[in-house]
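Side-chain atoms are counted along with the backbone in the values below, which use heavy atoms only and exclude waters and symmetry mates. Note that the coordinates shown come from a computational prediction; the quantities given were computed from them, not determined experimentally.
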Amino acid sequence: MQTRFSLRQLEYFTCTAETGSIAGASRVLNVSSPSISTALTQLEDELDTKLFVRKRAQGLSLTEAGRTLAAQAAKILFEVSELSRLAGDTSDTVQGQLRLGCLVSFAQIIMPKLRRSFTEQHPAVVLSQFELTQPEIFAALRRAEIDLSLSYAMEVPKDLEFHQIKTLPPYVMLAANHPLSARNQLTVEDLVEHEMVLLDLPLSTDYFLSFFNVAGVKPVISERTKDMAVARSLVANGFGYSIVNFRPVGTLAPDGNPLIFIPLISNLPPIPVGILAAKGAMKRRTCASFLQHCIEEMT
């Protein structure tokens, strides 16, 4: 009997295997959980074998057959991505699909504008975006689910490439009526007596706290959030200060309250921002063109 399954089913399967849950795969792929669940059931039916052991409290774990398929599926998806890249390189035109990731903490500030200006210059490109945490970016690039991602140079694995665009110094974000809002610059020693709103995302949390660690002091964390817009509104309403690198164009929180941004003086160097990619991705004209576009727009 001939087995039939789709690349999409393999994509859903590898992402579920990587995240350990259908809900996790749903967040990474921006696909509904029922769609992923149906695809996995169909794949198991076609192969006539169980790929996951389903545990209510612990999510999903791969069976022996699942581990074997996961390794082969990753190779297949990589080869398909390479075939697509080679096909695109046969033309001098910047064209084809470009799946772009972006670190969730600053996607709202730069992604829509970059997308619009790039596709206006290159109308033959179909660009889609994905807002991800840093570990999710690493995983999506390795599975060839995205082509590139805008991010910081934070713990970049050796199997990926980072192409720097510029560096970003840190700022303290404050409410307009905060006791420190009239200062020209601040240090972490100035902040330790005040409450902090922490943007609590993988790797980002460690980065923000590193300013205090290097100075040998501890912040007073009063609020945690995974959403930058929420962090801005919490700060603007007096729940504490926060530390940011990407400053929004305006100085208003989403709820309309004003914000102040003051340079943070630290021994830590400014953090590089740029493009993360699989090795060799810049050989594709569309990827190289997007990197150059980011350099022109962001510097």
Rounded distance [0.5 Å steps], CE in M196 versus NZ in K218
14.5 Å
Could you please spell out the steps behind the salt bridge (Lys or Arg N to Asp or Glu O under 4.0 Å) verdict for R67 and E64?
CA-CA 5 Å; R67 284 192 291 272; E64 184 63 33; 2.5 Å; yes
Answer yes or no: is there a side-chain heavy-atom contact under 4.5 Å between C287 and L98?
yes
Between the main-chain N or O of A25 and the side-chain N or O of T19, is there a donor-acceptor pair closer than 3.5 Å?
yes
Roughly how far, to the nearest 0.5 Å, is the NE2 atom of H178 from the CG atom of L259?
12.0 Å
Whether over 12 other heavy atoms sit under 6.0 Å from E120 CD:
yes
Apply side-chain contact (heavy atoms from CB on, under 4.5 Å) to residues I275 and M282 and explain how you reach the verdict.
CA-CA 10 Å; I275 295 288; M282 291 306 164; 3.7 Å; yes
Partner set under side chain to side chain contact (heavy atoms under 4.5 Å, CB included) for V217, not counting sequence neighbours
V188, V192, F212, A215
Under 3.5 Å: donor-acceptor pair, side chain of T63, backbone of G66
yes
Under 3.5 Å, side chain of S149 to main-chain N/O of S151, donor-acceptor pair present?
no
Please enumerate all residues that pass side chain to side chain contact (heavy atoms under 4.5 Å, CB included) together with N184, with sequence neighbours excluded.
none
Decide yes or no for K226 and T133: does some side-chain heavy atom of the first lie under 4.5 Å from some side-chain heavy atom of the second?
no
Residues passing the side chain to side chain donor-acceptor pair (under 3.5 Å) test with D45, sequence neighbours excluded, are none
Please walk me through it: do V172 and D190 pass side-chain contact (heavy atoms from CB on, under 4.5 Å)?
CA-CA 11 Å; V172 181; D190 298 320; over 6 Å; no
Rounded to the nearest 0.5 Å, what separates atom CG in L40 from atom OG1 in T16?
4.5 Å
Ring center gap for H194 and Y241 short of 6.0 angstrom
no
If you define the side chain from C-beta out and look only at heavy atoms, does anything of V31 sit under 4.5 Å from S26?
no
So, taking the atom named OG1 in T286 and the one named CG in D147, what distance separates them when rounded to the nearest 0.5 Å?
8.5 Å
Distance col, row L60:CG vs I22:CD1, nearest 0.5 angstrom, shows 5.5 Å
Ring pair (Phe, Tyr, Trp, His ring centres under 6.0 Å) partners for Y207, two or more places apart:
F211
Do the side chains of S242 and F208 get nearer than 4.5 Å, heavy atoms only?
no
Distance in Å, S105 OG paired with L201 CG, rounded so as to fall on 0.5 Å steps:
6.5 Å
Review item, side-chain donor-acceptor pairs of residues 160-169, under 3.5 Å, at least two apart:
from : atom 1 : to   : atom 2 : distance (Å)
E161 : OE1    : H163 : NE2    : 3.1
K166 : NZ     : M298 : O      : 2.9

Using the rule given for side-chain contact (heavy atoms from CB on, under 4.5 Å), can you reason through I260 versus L180, listing the C-alpha separation, both sets of side-chain angles and the distance that settles it, and then say yes or no?
CA-CA 10 Å; I260 301 292; L180 300 175; over 6 Å; no
Whether E44 and R54 form a salt bridge (side-chain N of Lys/Arg under 4.0 Å from carboxylate O of Asp/Glu) is what I want to check.
yes
Measure the shortest side-chain to side-chain distance between L69 and L62 over non-hydrogen atoms and say whether it is less than 4.5 angstrom.
no
Under 3.5 Å, is there a donor-acceptor pair linking the side chains of E46 and Q42?
no
Among all residues two or more places apart in sequence or in another chain, which pass the side chain to side chain donor-acceptor pair (under 3.5 Å) test with S32?
S35
Quick one: list whatever passes salt bridge (charged side-chain N to carboxylate O under 4.0 Å, His left out) with D48, sequence neighbours left out.
none
Could you pull out all residues at least two apart from N237 that satisfy side chain to side chain donor-acceptor pair (under 3.5 Å)?
D255, N257
What side-chain donor-acceptor pairs closer than 3.5 Å can you find for residues 125-132, not counting sequence neighbours?
from : atom 1 : to   : atom 2 : distance (Å)
Q129 : OE1    : R115 : NH1    : 3.0
Q129 : NE2    : E131 : OE2    : 2.5

Can you list everything that forms a side chain to side chain contact (heavy atoms under 4.5 Å, CB included) with A39? Sequence neighbours excluded, please.
Q9, Y12
If the condition is side chain to side chain contact (heavy atoms under 4.5 Å, CB included), which residues does S222 pass it with, not counting sequence neighbours?
E195
Inspect the surroundings of CZ in F246 and state if more than 12 heavy atoms from other residues, nucleotides or ligands are less than 6.0 Å away.
yes
State, with a plain yes or no, whether a side-chain heavy atom of S6 is found less than 4.5 Å away from one of E11.
no
I want to check something: taking the side chain as every heavy atom from C-beta on, are P157 and R142 in contact at a cut-off of under 4.5 Å?
yes
Once side chain to side chain donor-acceptor pair (under 3.5 Å) is applied, do any residues pair with E189, and if so which ones, sequence neighbours excluded?
T187
Are L150 and L114 packed together at the side-chain level, in the sense that at least one heavy-atom pair is separated by less than 4.5 angstrom?
yes
